[in-house]
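In this text, all values refer to a predicted model and were calculated from it rather than measured experimentally. To find a chain, count down the sequence lines: A is the first, B the second, and so on, and within it residues start at 1.
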Amino acid sequence: MSDTGNVAAGIEAEIEALEQREASAELRGDIAELERLWSEDLLANSTSKIIAGKETLLNLIRAGRLRLLRFERRTVRCVKQEDLAIATGNETSEIAIDPPVGTFFCSYMNIWKRQNGQWKLLGRHVGLISRSDQPS
Amino acid sequence: MAPVRPAASSPILVVEDDADARAALIDILEISGFPAVPAGNGREALDYLRRSSTPSCIILDLMMPEMNGWEFRAAQKNDPTIASVPVIVVSAFGGATIDADEILVKPIDVDQLLKIVGNYAASERSE
């Protein structure tokens, strides 16, 4: 592998690790970890056709209104330029809600920005690809 | 945590046929201090309005089965007991033409929606 390839692989590994860390925090509803990983300016555009910021999303999690039973993220591709990184791929999720609403299979794109030496999630877009009526 | 606004004395009626979008809107309104009630289409909304206390405002989707947003709005304006309830239309169409107090285009900016809803709740409290 060329040096360029090693650098690219290193960047991918760093962003991929962040992506999995953030996905795990979402699944666990780990507010403290999400506080660390999310930028104060986070903007998320969800499958519910709603654009929300960090506080709204954290308040939903705190109130138990956004609790995940399953959340798996597969990063397909990522790119980095200076202090910005973009990762995109797909996510499979099940939300804890009564009655159950099934399994969501979505595309996603996350935008990370390095702020004061730390990568922070600045932007997120999720689009529904398909949905099964039954939980898996 | 963001400050929670004082609860409105009357609920906000959310008229949306997409169950996920409806649930998300109600969750966001309620954690922000605004009680909310759901309706899956215009007919359900009219039924609610005619048997319950007057909401502080109505969040209205347009494209819905059974009775869409335009039909609901026409029926609402023809009923003097509910005609004055403010209506915030949320539409997937940027150029939607309908007589409403506010028109928001999907995806909805939560901060913008909460500001509008807060204004209606505040004006209701001051009456």
Side chain from CB out, backbone as N, CA, C, O: work out which of these in A:Leu58 comes under 4.5 Å of a heavy atom of chain B, or both, or neither. neither

Taking every non-hydrogen pair under 4.5 Å, which of A:Thr56, A:Leu43, A:Leu66 racks up the most with chain B? A:Thr56

Is it true that A:Glu72 and A:Thr92 share a donor-acceptor pair across their side chains at a distance under 3.5 Å? no

Do B:Arg22 and B:Glu16 sit within salt-bridge range, that is, some charged N less than 4.0 Å from a carboxylate O? no

Identified salt bridge (Lys or Arg N to Asp or Glu O under 4.0 Å) partner of A:Glu22 from the options A:Arg124, A:Arg73, A:Arg28: A:Arg73

Find out whether A:Leu60 and B:Ile31 are in side-chain contact, i.e. whether some heavy atom of one side chain is under 4.5 Å from a heavy atom of the other. yes

For B:Leu113, which atoms come within 4.5 Å of any heavy atom of chain A: side chain, backbone, both, or neither? neither

So what's closer than 4.5 Å to chain A heavy atoms on B:Asp27: side chain, backbone, both or neither? both

